[in-house]
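Only this structure's heavy atoms are used, side chains among them; waters, hydrogens and symmetry mates stay out. Atoms within a ligand are numbered from 1 in the order they appear, just like the ligands themselves.
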Amino acid sequence: MARKKIIAGNWKMNMTPSQAVELINTLKPLVKNDDVDVLFCVPSIDIIPAMEAAKGTNIQIGAENMYFEEKGAYTGEISPDMLTDAGVKYVIIGHSERREYFAETDETVNKKVLKAFEHGITPIICCGETLTQREQGVTIDFIRQQIKIAFLNVTAAQAATAVIAYEPIWAIGTGKVATTEQAQEVCKAIRECIAEIYDEATAAAIRIQYGGSVSASSAPELFAQPDIDGGLVGGASLKPDFGQIVNYNK
Ligand code: 13P
């Protein structure tokens, strides 16, 4: 069965609750495309108003982060039950910005992935190399390690429903998009890694996105690659351009 593309916006730390509603109202008519899953991952405080604004549309609302404990004395964190109670079905886990600025590691990513599955939330698991790693020729080794740790103790049935986002760090917010060949090569290697950990059926089912300076002009070629099942879009997801990205195939 063909994998359905998933095109997600990652708003990062942008948009107040009222701006979120305004942006969704602007984008609503532009992001209609039944061929793809359309997801906006928004700041925690925007989730509830965004859900309300997106009601009755094809837009799904996801989260940008989640803690790996159920509840308790973890000031400032957001729990899986808080997300599911708000209707959230997807959460970004292990974005490179969280790894860099908030000390996330492959191990905490794994804990969060397991916790998300326990609560029926689909994790969008981020991976990606630095420019130095790419220049040293260790990209694939590095990403295989990130994937293997992220998926520790995850069952094949769970893994089949997961989303992986390949985001080369040097391409994030830089306007320097990976070439189609580079993006496809790594996404293919990720799928092969999943086949090794699990089996061919799991590898064929899992969805792998590319992220890093995706734009209306780069999206069509990227998303046409055999192992790229959509994108995780930062900057361009805050603009009407996101409508063109979602409609890359029209
Ligand atoms: P940009 O699209 O702004 O490069 O951000 C990519 C990203 O980090 C999405 O998670």
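Of the N or O atoms in G173, one or more lie within a sub-3.5 Å distance of an N or O in ligand 1.
Taking a 4.0 Å cut-off on heavy atoms, A236 fails to register as neighbouring ligand 1. At least one heavy atom of S213 lies less than 4.0 angstrom from ligand 1. Judged by the shortest distance from any of its heavy atoms, G175 lies outside the 4.0 Å radius around the atoms of ligand 1.
Ring pair F151/Y198 is perpendicular by interplanar angle, where above 60° counts as perpendicular and below 30° as parallel.
Ion pairing of D35 with K250 is present here, as a side-chain N (NZ or NE/NH1/NH2) and a carboxylate O approach within less than 4.0 Å. Between D106 and K148, no side-chain nitrogen of the basic residue sits less than 4.0 Å from a carboxylate oxygen of the acidic one, so the salt-bridge criterion is not met. Here E104 pairs with K112 in a salt bridge; the nearest charged N to carboxylate O distance falls below 4.0 Å.
Considering only non-hydrogen protein atoms, atom 2 (O) of ligand 1 sits nearest to G234 N, 2.9 Å. K12 NZ, 3.2 Å is the protein heavy atom nearest to atom 5 (O) of ligand 1. Counting protein heavy atoms only, atom 3 (O) of ligand 1 is closest to G235 N, 2.8 Å. Looking at atom 7 (C) of ligand 1, its nearest protein heavy atom turns out to be E167 OE2, 3.1 Å.
Across I124 and A165, no two heavy atoms sit closer than the pair CG2-CB, 4.0 Å.
Ring centroids of Y210 and F223 are separated by 6.0 Å or more, keeping the two rings apart.
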